[in-house]
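Since the structure comes first, as C-alpha cells, the remarks are kept for the end.
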Protein chains: 2
Amino acid sequence: MIDTRERILDTAEALFGERGYAATSLRQIIAEAGVNLAAIHYHFGSKEHLLDEVVLRKAAPVNQERMARLERVEAGGEPLTVERVLEAFMVPMAETAEQNPQFVRLMGRMHAEGLMPGIVERHFQPAIGRFLAVMRKVLPELSEEEFLWRIHFMIGAMAHTMCGAPDHTRVAGAPGSFRTRIDRLVAFLSGGFRAPVPRRQEIEVE
Amino acid sequence: MIDTRERILDTAEALFGERGYAATSLRQIIAEAGVNLAAIHYHFGSKEHLLDEVVLRKAAPVNQERMARLERVEAGGEPLTVERVLEAFMVPMAETAEQNPQFVRLMGRMHAEGLMPGIVERHFQPAIGRFLAVMRKVLPELSEEEFLWRIHFMIGAMAHTMCGAPDHTRVAGAPGSFRTRIDRLVAFLSGGFRAPVPRRQEIEVE
DNA sequence: GTCTATACTGAGATAGAC
DNA sequence: GTCTATCTCAGTATAGAC
C-alpha cells in the first residue's frame, strides 16, 4: 500500500494527541492504521522518530507564519509593542489550533510529557530566535537575565495554555476559543513583561 | 529489614527527581536501595502508589506553611495585595526547595511528565482552594472566567519555573536562587494579574 | 523497495514458597 | 515480610516474502 506512511502519520498524530506519547503503543497505532508493526520501523526507524515526523509535517506552516508576522510587525508603520510581538508569535499556533485542534493538543501533550525541549530545538528554533530578538527590542529596560527569566515564565504559561484549559471551560467551550484564549494570554503576559523588576532584598539572608 | 520501606522511598525520591518517573524503572530503584523487586509491590502496591507516597511525605509541611502564611496575610495589618498572596503561596515551596532541592525538582518533573493534575488533587488541594479564595478577594474586578484563566496561566508559569530555569542560569546558578526566582516570578505574575482585560474584538471574524 | 512474521530484551505486576 | 519465578505487554531488531 502506497500510503502506509501517511496512514501511520495520521493515526499517530491522532493517538498521540488523544492519549499522549508514552501511553500510546506502536501496537495501538498499527491496529488502527491497519498496517504491520515493522512498517513503522521501516519508515521511521523508531517511535521517537515517528513523533518527529508527525511534528515536522505541521510545524513548517506555523514557523512560516510566525516569521512573516514578526517581519510585518517589526517593519510595519504601527508602533512596536509587547502585545503585538507576542501576538505575532502566538496567533499562528492558535490559527493552526482552530483548523486542526489535534496538532496543538499534541503540542501540549508533548510539553506535558517533557518532550518539548527536544522538539522545539529540532522544529521551532529559528522562529523562536527571531521572536526573542524582536521581543528584546521592545523591552530594552530589562536586564538580560530578567528578560530570559520572563521568557521562561511565558513559555510555561503558553505551553500550559495550549495544552489545556481551566476546568470550568467545559461549559463555555465554543468555537473560536483558541483565538480568544490567546487574547487573554497576550494581555496577561504583556502585564507580566512590563511589571517592575523586583528589588532583591533578602539574598544576603541565605 | 525493618527500614526497607524508607530505603525504597528515599531512593525513589532521588531517582524520580533525577531521571523522571517514567524513565526510572523499579529495577533501578531496587538495585540502588538493595531490596527485592517484589518488596516495592508489597509495600506500595504499584509504581504509581510509590510515587504518591514519595510526594505525601514531603507535601504536608508545604501545605501547612501555605495555610499559615495565607492566614497571616489575610488577617495581618498590612494591606492585602496580589504580591503578598502570591508570595504566601509560592514561598513555602521555594523554602522547601532550598533545603531539599530534590523534592521540588521532583515536583517539576511530575508536571513535565503530565502527572501533576492527579498529584495536586490528591496532595495539595486544600491549600490551593484557600489560595484561590484569598486571591479572588484581591482581584474582585476580574470576571470569574478571566480570573480562572489567569490562574491557569499562573500555574503553567509556576510549574515550568519550579521544574527548570533558562539555559543561561547554568553559569549564574548560586545558592539562594530558588527564593530569588520566586521573587521574579511573583513580580511577573502580579503584572499579569493586574493587566487590563483584553477587549475581545475579532470573535465575529471566525 | 515495501511489508510480514517472528523473536528479543526489559518493563510492571503477581502468585506462592519460605 | 521477603524472595523466586513467572506473566503480560512494551519497544526494538531482523530475516525473508513479494
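Since we're looking at a predicted model, the values are computed, not measured. A, B, ... follow the sequence lines: proteins, then strands. Residue 1 opens every chain.
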- Query: Quick one: B:Ile40 CD1 to C:dA13 C1', roughly how many Å, whole number?
  - Reply: 12 Å
- Taking only the side-chain nitrogens and oxygens of B:Tyr42, find out if one of them lies under 4.0 Å from OP1 or OP2 of D:dT2. no
- Task: Starting from P on D:dT4, measure out to CZ on B:Arg27 and report it in whole angstrom.
- Result: 13 Å
- Distance, rounded to the nearest Å, where B:Glu6 contributes CD and D:dG1 contributes C1': 16 Å
- Query: Rounded to the Å, how far apart are A:His49 NE2 and D:dT12 P?
  - Reply: 10 Å
- Task: Whole angstrom is fine here: how far is it from CG in A:Leu26 over to P in D:dG11?
- Result: 4 Å
- Message: Using 30° and 60° as the class boundaries, would you call the ring planes of B:Trp149 and B:His152 parallel, tilted or perpendicular?
- Response: perpendicular
- Query: Is it true that atom CD of B:Glu48 has more than 12 heavy atoms of other residues, nucleotides or ligands lying nearer than 6.0 Å?
  - Reply: no
- Query: OP1, OP2 of D:dT2 versus side-chain N and O of B:His43: anything below 4.0 Å?
  - Reply: yes
- Please tell me which of the listed nucleotides, D:dT2, D:dA10, C:dC3, lies nearest to the side chain of A:Ser25? D:dA10
- Query: Between atom CG in B:Leu37 and atom C1' in C:dG12, what is the gap in whole Å?
  - Reply: 8 Å
- Task: Please list, chain by chain and in numerical order, all residues satisfying side-chain hydrogen bond (donor to acceptor under 3.5 Å, both in side chains) with B:Arg150, sequence neighbours excluded.
- Result: B:Glu146
- Rounded distance (Å) that lies between atom P of D:dT8 and atom CD of A:Gln28: 18 Å
- What integer distance in Å separates A:His41:NE2 from D:dT12:C1'? 5 Å
- Message: Side chain of A:Ala38 only, heavy atoms from C-beta on: which candidate in C:dT14, C:dC3, D:dA13 is closest?
- Response: D:dA13
- Task: Could you check B:Asn36 against A:Glu48 and say which one's nearest nucleotide on DNA chain D is further toward the 5' end?
- Result: B:Asn36
- Query: So what does A:Ala39 hit on the nucleic acid, given a heavy-atom distance under 4.0 Å: a base, only sugar-phosphate, or nothing?
  - Reply: base
- Query: Which of the following nucleotides, C:dC3, D:dT12, D:dT2, is nearest to the side chain of A:Ser46?
  - Reply: D:dT12
- Give a yes or no answer on whether the side chain of B:Gln28 reaches the backbone of B:Ser25 with a donor-acceptor pair at less than 3.5 Å. yes
- Query: Does A:Arg136 make a cation-pi contact with A:Phe147, if we ask for NZ or CZ under 6.0 Å from the ring centre and within 45° of the axis?
  - Reply: yes
